[in-house]
2 protein chains.
Amino acid sequence: MSRMSAAERRPALIEAGLRVIARAGISGASTRAIVAEAGMSLASFHYAFESREAFLDELTATVVVRETQAVLPLPEVDGDLRDVIEAGFLRYLEHLRADPAHEQAMLELTQHALREPERHPLAVAQYRRYADFAEEALTLAAERAGVSWRSPVSEVAGVLVAFSDGITLNWLVHRDDHAARAAARAAADALSRMADSQ
Amino acid sequence: MSRMSAAERRPALIEAGLRVIARAGISGASTRAIVAEAGMSLASFHYAFESREAFLDELTATVVVRETQAVLPLPEVDGDLRDVIEAGFLRYLEHLRADPAHEQAMLELTQHALREPERHPLAVAQYRRYADFAEEALTLAAERAGVSWRSPVSEVAGVLVAFSDGITLNWLVHRDDHAARAAARAAADALSRMADSQ
DNA sequence: ACGGAACTGGGACGGCCGTCCCAGTTCGTC
DNA sequence: GACGAACTGGGACGGCCGTCCCAGTTCCGT
């Protein structure tokens, strides 16, 4: 391996780690598998990261950012609030279909963080970021549709994240686009009814 | 360990395994941890099960049955369809709060099965069972409320399972009862609107 | 150009893993 | 009571794991 600073190595290892997790799961993401994917030697891993767990922590934090950005740009749809939200779900479903392993990896990272008490805050932070993103999107959607939310937007955003999660997991199990779209429709329906026309 | 037939040992090991998974996750459920929990010797495990994976397969299949039964009996609620469904969700939330580790274990088992292609059908079977149960409950609820489903019940059931999953995962992350109830309300709202009054 | 800091590769360590083996014990059956 | 089948405990196997060590190499500031 040509010479590389620890600062450059860290993101390279995280990219490699994400590919390994997508392919083989967290349990398959051994330090050896990760450095092999990155084409580095084992020592480089522990030179760049204190431990495997610290590595996974940083990977999780890093990757959530990209996760939300992948769904952007929000679809510009004419129609009422319900249609705008449904279009957002459908865009997410496209993203899911395009790279299922990535979403599966995110779910695994969440569960891994949920497992140990000291890592729980990491899962919370991950989901707070999802919710923030959802909140932003919902605010924008309500503005476009000229309505306002009856409940606090943060609450609506929480519901949106929950529904997205459930739809994701069920699609990963059944790979049933029709069922996923039906759920997306129902979810959009429920969410849009949490708003009043102004 | 006093003498025990392999036929008796299998359920005992599965009980122990479920406890270990709830406590330490699948990765913590080593053959040694499981037999320690069951108070057996290591050889007994491989006398009763061909391999650890075969054990996990049987555990998954066994435990899904109990999962659905834990939510029974369905609440007998007076009110329209929406109220009946919401009461069902709230009952499930109680179950979740009472034993979060169990639900977390179920999610882990699902993801573990999703990981490898030859085990994927196991996850599908698990979710088909959930859906069957949901279908039964939804049919009963519609009868009680005197309405009929506009879409096929199986489709509505799929949406219900997806929403439940999402609510579960988000509650496991945030432990936020208020948010979970808000999501349950929204979900009940969406589901009830998939029915027409007769 | 040289010295110290940054980085590299390879090998080693102890530990846990799933699985297997096998000599012993206990049981049901005749 | 004998005999074969069912079951048990303990130890062993090779393999992968995370982490560490260290002698060597490369870089950069002076």
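Here is the naming used below: chain letters follow the sequence lines, and residue numbers restart at 1 for every chain. All values derive from a computational prediction rather than experimental measurement.
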Item to check | B:F49 and B:F55 aromatic ring geometry - parallel, tilted or perpendicular at 30°/60° bounds | outcome: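 Geometry flag for B:F49 against B:F55: perpendicular rings.
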Item to check | DNA chain C contacts among residues 52-61 of chain B, heavy-atom distance under 4.0 Å | outcome: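 Listed by number, they are B:R52.
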Item to check | Close approaches to DNA chain C from residues 21-37 of chain B, in residue order (heavy atom, under 4.0 Å) | outcome: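 B:S30, B:T31, B:R32, in order of number.
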Do any N or O atoms of the protein come closer than 3.5 Å to N or O atoms of nucleotides 28-30 of chain D, and which pairs are they?
none

Short side-chain to backbone donor-acceptor contact, [X] and [Y], under 3.5 Å:
{"X": "B:H120", "Y": "B:R115", "answer": "no"}
{"X": "B:E108", "Y": "B:I26", "answer": "yes"}
{"X": "A:E155", "Y": "A:P152", "answer": "no"}

To the nearest Å, give me how far apart [atom1] ([X]) and [atom2] ([N]) are.
{"X": "B:L13", "N": "D:dC7", "atom1": "CG", "atom2": "P", "answer": "13 Å"}
{"X": "B:F49", "N": "D:dC7", "atom1": "CZ", "atom2": "P", "answer": "13 Å"}
{"X": "A:M4", "N": "D:dC27", "atom1": "CE", "atom2": "P", "answer": "13 Å"}

Checklist entry - Strictly by modelled atom types, are B:Q126 and B:T60 linked by a side-chain donor-acceptor pair under 3.5 Å? => result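 No, B:T60 and B:Q126 have no side-chain donor paired with an acceptor closer than 3.5 Å.
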Checklist entry - Could you go step by step and tell me if B:D165 and B:Y127 meet the side chain to side chain contact (heavy atoms under 4.5 Å, CB included) rule? => result CA-CA 10 Å; B:D165 263 359; B:Y127 272 71; 2.7 Å; yes
Checklist entry - So B:D83 and B:D80, side chain to side chain contact (heavy atoms under 4.5 Å, CB included) or not? Walk me through it. => result CA-CA 5 Å; B:D83 295 334; B:D80 61 8; 3.1 Å; yes
Item to check | Of the listed nucleotides D:dG9, D:dC7, C:dC7, the one nearest the side chain of B:A6 | outcome: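 The listed nucleotide nearest to B:A6's side chain is D:dC7.
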Item to check | Aromatic centroids of A:F133 and A:Y130 separated by under 6.0 Å | outcome: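 Aromatic pair excluded; centres sit 6.0 Å or further apart.
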Checklist entry - When you look for runs of 3 or more Watson-Crick or G-U pairs in a row, both distances below 3.5 Å, which of them include DNA chain D? => result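 As far as DNA chain D goes, consecutive pairing (with distances under 3.5 Å) yields the stems C:1-30 with D:1-30.
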Next on the checklist: Could you work out, with side-chain contact (heavy atoms from CB on, under 4.5 Å) as the rule, every residue matching B:A38, not counting sequence neighbours?
Outcome noted: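 Per chain and number, B:A38 pairs via side-chain contact (heavy atoms from CB on, under 4.5 Å) with B:L13, B:A16, B:M40.
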Item to check | Sugar-phosphate only, base, or nothing, as touched by A:M40 at under 4.0 Å among non-hydrogen atoms | outcome: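 Here A:M40 touches no strand at all.
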Checklist entry - Can a salt bridge be assigned to the pair A:R129 and A:E67 using a cut-off of 4.0 Å between side-chain N and carboxylate O? => result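 Not counted as a salt bridge, because no side-chain N and carboxylate O are separated by less than 4.0 Å.
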Next on the checklist: Closer than 4.0 angstrom, basic N to acidic O: yes or no for A:R66 and A:E15?
Outcome noted: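 Salt bridge present between A:R66 and A:E15.
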Item to check | Non-hydrogen atoms of B:G79 and B:V84 that approach each other most closely | outcome: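 Nearest heavy atoms, B:G79 then B:V84: O-CG2, 4.1 Å.
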Checklist entry - Of all heavy-atom pairs between A:G28 and A:V20, which one has the smallest distance, and what is that distance? => result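 Smallest interatomic distance, heavy atoms only, reads O-CG1, 3.8 Å.
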Next on the checklist: Would a single hydrophobic cluster contain both A:L109 and A:V65, if residues Ile, Leu, Val, Met, Phe, Trp and Tyr are joined by side-chain heavy-atom contacts under 4.5 Å?
Outcome noted: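 No, because A:V65 and A:L109 fall into different hydrophobic clusters, even though each may have its own neighbours under 4.5 Å.
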Next on the checklist: Tell me whether A:L122 shares a hydrophobic cluster with B:L107, the cluster being built from Ile, Leu, Val, Met, Phe, Trp, Tyr side chains joined at under 4.5 Å.
Outcome noted: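 Unlinked, A:L122 and B:L107 end up in two clusters.
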Pairwise N/O distances under 3.5 Å, protein to nucleotides 20-30 of chain C:
from: C:dT26; atom 1: O2; to: B:R3; atom 2: NH2; distance (Å): 3.1

